[in-house]
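Below you'll find the structure, written out as structure tokens, and then a few comments.
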Amino acid sequence: MTRAPIEIIGGGLAGSEAAFQLAERGHDVVLHEMRPVRGTAAHKTARLAELVCSNTFKSTEITNAHGLLKAEMRLLGSMILRAADEARVAAGSALGVDRDVFSARVHEWVTSHPRITVVRDEVTALPEVGIVATGPLTSDALAESIRQRLGVDGLAFYDAIAPIVSRDSIDDGIVFRASRYGKETMEGAGDEGAYLNCPFSRDEYDAFLDALGSADQFTAHEFDAVPYFEGCMPVEEIARRGRDTLRFGPMKPVGLTDPRTGREAYAIAQLRMEDRAGNMWNLVGFQTRLRIPEQQRVFRMIPGLANAEFLRFGSIHRNSYLNSPGALAPHLALRDSPTTMFAGQLTGVEGYTESTATGILAAINLSRLLGGDEPVLPPPTTMIGALYRYLREADPKHFQPMNANFGLMDELTERIRDKRLKREKLAERALGEMRRWREAVAGESGAVAAR
Ligand SMILES: Cc1cc2nc3c(=O)[nH]c(=O)nc-3n(C[C@H](O)[C@H](O)[C@H](O)COP(=O)(O)OP(=O)(O)OC[C@H]3O[C@@H](n4cnc5c(N)ncnc54)[C@H](O)[C@@H]3O)c2cc1C
């Protein structure tokens, strides 16, 4: 019996990669892209895999989380990275590309593939066998279908992201662990309390407020204007409402006694654990539109965070994304229809490279499912596996999109103080594990790289 072609919705980074990977595995694919029939507010061309903003896929060094992610994707034969290599421009250790050459390459390879048919239309319903990769600007009609299937909590239209810092960069001489009035609890918090608390003196608070008020902000494109509601108000916007507004809001000190002074501080910034291992801590209520260098400068003024290592920066964006831990199966499919899969930024990963990586995994797993095999995921000792663990295990109540970072990965068994050496070891382990995974379960030899 001949099988109907696989439907892929969205010809961006994830959808193009997934279409190509499936076609290379012998599947017939129809790739639906709505441009130019219907545009988005950010894309400017009709090409597949258009880069909407920056022209870089970030670092190539494996001691950098994005570099490691790319090295793993190369082991899995990423077509998008091969196109990026061919379009590379001088950008130091970053993989910068000529965006036109890049998307022209992807366009050519996908549209000329004998097993891929590209159809220009807006899809408004979920496929039974296919991959939805419609990105942060998913069309309204399809978003509505997703919401009907997953419920209103299943899909968000904006993200309001607070920065995350690594645990080992927080100064334990200043910060103390406690829950407000000893009452707030969370799984695994124990008697010591759920939060890390950064206590401010009055002078420290005043200086912080001044810096926050004068810091340089990202100015949004018009389409990216976010209607602020209380849950996603930028911290700098709250500060602008009055000098005490933060102190009576997200920075209130009540119910938290600083063990060093035996008193309540003038204000408190709280950090909440982001991952079960406790490597990543989220600055509660500090969603922000400050530019990245300004986030580093201003948030390092918080007592105890002078040397903070930022694993994720804050942002506020127009962004359609699924509540993956609350709504999807671990291989990012509908729980009641394992061959209706999702990939790309829509799944709650953040960034070009992360989105593309989920396109590769979606193709591997859809191909396996159609061949009668179970879906598989790399272990959390790899960067891709660690991202997938985040997508299935993060707290659905606080779920926010995530980029690749070392805080997501399993710790080494040995303790290494030197950061560079530690990352070298983490990367070495990850690449070894990814090779083993590829050979053992995916049986992939890098179809694209071998061409
Ligand atoms: C304004 C903006 C700036 C960004 N800047 C950066 C950046 O600098 N660096 C970075 O790493 N990330 C950036 N991102 C995030 C970036 O969009 C993603 O990382 C990446 O493009 C996601 O890839 P994707 O394949 O999931 O989605 P996309 O690349 O957006 O592809 C989705 C595709 O689906 C199509 N589509 C949507 N709905 C339908 C439908 N119903 N039917 C058919 N087709 C449909 C769209 O036209 C689009 O071509 C930015 C996002 C936005 C919105």
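Worth knowing before you read on, the calculation uses all heavy atoms, side chains too, and leaves out hydrogens, waters and symmetry mates. Counting convention: from 1, in listed order, for ligands and their atoms alike. For this chain, numbers begin at 1 and follow the sequence in order.
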Proximity of [X] to ligand 1 by residue part, where a heavy atom lies under 4.0 Å:
X	answer
T134	both
H43	side chain
S355	side chain

Any nitrogen or oxygen of [X], main chain or side chain, under 3.5 Å from a nitrogen or oxygen of ligand 1?
X	result
K58	no
I9	no
P136	no
E350	no
L13	yes
E50	no
T40	no

Using a 4.0 Å cut-off to any heavy atom of [X], which atoms of ligand 1 qualify?
X	value
L142	41 (N)
G135	26 (O), 27 (O), 32 (C)
V52	2 (C), 3 (C), 4 (C), 17 (O), 50 (C), 51 (C), 52 (C)
G344	26 (O)
A14	25 (O)
G351	10 (C), 11 (O), 12 (N), 19 (O)
R35	47 (O), 49 (O)

Between [Y] and [X], is there a side-chain heavy-atom distance shorter than 4.5 Å?
X	Y	answer
V110	H107	no
T117	L31	no
L334	L150	yes
M341	H331	yes
I360	M73	yes

May I ask you to check whether H113 and F20 place their ring centers less than 6.0 Å from one another?
yes
Measure the spacing between OG1 of T381 and CG of L431 and express it to the nearest 0.5 Å.
10.5 Å
Between side-chain atoms of residues 372-379 and protein atoms elsewhere (two or more places apart, or another chain), which donor-acceptor pairs fall under 3.5 Å?
none

Answer yes or no: are there more than 12 heavy-atom neighbours, outside [X] itself, under 6.0 Å from its atom [atom1]?
X	atom1	value
D216	CG	yes
E128	CD	no
D140	CG	no

Quick test of your reading of the structure: of E122, M34, E33, whose heavy atom lies closest to atom 47 (O) of ligand 1?
E33
With a 3.5 Å distance limit and no angle check, can you tell me whether R99 reaches the backbone of C53 through a side-chain donor-acceptor pair?
yes
Yes or no: does D121 have any heavy atom under 4.0 Å from an atom of ligand 1?
yes
